[in-house]
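In what follows, a structure is listed as structure tokens, so that the remarks can point back to it.
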Number of protein chains: 2
Amino acid sequence: MSGGITGSITGATRLYAILGDPVAPLRSPALFNAAFARLGRDAAFLPLQVPEGALPEVWAGLRRIGNLDGLVITMPHKAAALPLLDALGPTATLTGTVNTARRRPDGGWEGEMFDGEGFRDGLERAGHTPHGARVLLVGCGAAGRAIGFALARAGVAHLALRDAAPGRAEALAARLAEAFPALPVSTGAAGPEGRDIVVNATPLGLRPGDALPLDPAALRPGQVVADVIPNPEVTPLIAAARRLGCPTVTGRAMHEGQARLAAAYLGIAGWEEGAPG
Amino acid sequence: MSGGITGSITGATRLYAILGDPVAPLRSPALFNAAFARLGRDAAFLPLQVPEGALPEVWAGLRRIGNLDGLVITMPHKAAALPLLDALGPTATLTGTVNTARRRPDGGWEGEMFDGEGFRDGLERAGHTPHGARVLLVGCGAAGRAIGFALARAGVAHLALRDAAPGRAEALAARLAEAFPALPVSTGAAGPEGRDIVVNATPLGLRPGDALPLDPAALRPGQVVADVIPNPEVTPLIAAARRLGCPTVTGRAMHEGQARLAAAYLGIAGWEEGAPG
């Protein structure tokens, strides 16, 4: 028997997993397992529910499991995973966070952060190039940091940062200035006026009744509005932007971009063929 | 999506696993996943390759994983698992080994040993009752110990123990005498003569070119010959016994018996319907 059917997971099946909490709403297991089935690969991708604070202990055990080849790391572990790895990619080092890790031939584990590049990938596949764009990024937490670095690397013309927590936008601006000294970055209570692309990287919109991350009355038709929240796919911000005639990019596009890049990093060839949107 | 298809493992899927090394030849993942698919249960059963000596570290991690509900433990970890659990069943306590563990409602883990009862179950389903039988048990390691206790509990009339390692048969005899003081147990270089049932519980027959665990020339037609080795299913001993006209019970029957009992312990109802042999 080979991959595809749960009944066909055998002793020889190779394992991949996503670590997070909660895991029930995660889309990665279905996405990766559908790819394994399509590719005829004898592998399975599992959700592992790891409570906050338990990662070091869980990770010490997982790294001893010989048929585990790769991991995706999600909330609340993206920063906690960093010091547990033996080697880090450049974006993991810059952002202080990791979302994908793989076993190296020497048995050690290395990790990289693809949230930002996944966002950029989703944006570009939706037809919106960040190169030369003026961007407002609302939210400078883990997701916002990763997106800020990816947008800087993609060559945005100007980046305005905003965060409700005092000092967080300024801290990201300082880190960006070190890595990309030529990029104009501003902080403060700036709105969407004059931006080509407006990004929500806060959790606002995840829960019913959340406040909006920015006032949609300030949006103008033609401005691209992107959101990091994959579920619900249409957040109140995305819905408001669509009513105003703005092109939108949902968190689902970002998540699919992350999954594509994570799959490539994990050596899962052929992901694109027949993959969802 | 619900259980059955690997493509349908989602974030909500509950997990079970077998811990061993090697894992590639293990039959439990295929057996349990086929049962989950048949039962429409949103669960997956995984092979976890855990090298000898790594169990304490792996176990410390696994017990923090919130969606892991049960484990089967196999070579080389059956004795090493014992001190890691929070509670033990009576057979685990008697034999000093564990082959199944489950999460309790309070979050702790408890384990029990079903290898011996699985053997007895396979023997009885093949139509051979150990009650009142005279039995020769060759091999008094972990498997032999478990089988010895199960045969004693089933009410054999006499048990002859043999082991190539000095003192091992005598040690099992002493433990059996404590638990079953009325059972006649003998040790020494006894052969199959006069036995109703002859059991190989040594690893001999696992590898091509292994010596036979006992001289088949001493077998007589009508004696039941049972082997614990599931793969190859027809060991040289089983083949020789069949040529002599002895009824045989293979390691596959024992393994299926263990799996049935482990499934019941893990709360997997409906295992029997449509289950293999």
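Letters go in sequence order (proteins before strands), and every chain restarts at 1.
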Just verifying a value: how many Å separate A/Leu62 CG and B/Leu62 CG, rounded to the nearest 0.5 Å?
7.0 Å

So which of B/Gly66, B/Gly20, B/Pro22, B/Pro25 has the biggest tally of heavy-atom pairs under 4.5 Å with chain A?
B/Gly66

Please name the pair of heavy atoms, one in B/Pro47 and one in A/Leu15, separated by the smallest distance, quoted to 0.1 Å.
O-CD1, 3.1 Å

Relative to chain A, which segment of B/Ile65 carries a heavy atom at a distance below 4.5 Å: side chain, backbone, both, or neither?
both

Nearest atoms (heavy-atom pairs only) where B/Pro29 meets A/Gly11
CG-N, 3.9 Å

Tabulate, in ascending numerical order, the residues of residues 48-61 of chain B having at least one heavy atom closer than 4.5 Å to a heavy atom of chain A, or enter 'none'.
B/Leu48, B/Gln49, B/Val50, B/Pro51, B/Ala54, B/Glu57, B/Val58, B/Ala60, B/Gly61

For residues 68-76 of chain A against chain B, heavy atoms under 4.5 Å, the residues are none

Do B/Thr13 and A/Leu46 make a side-chain contact, defined as non-hydrogen atoms from C-beta onward lying under 4.5 Å apart?
no

Would you give the length of the straight line joining atom CG of B/Asp21 to atom CZ of A/Arg64, rounded to the nearest 0.5 angstrom?
11.0 Å

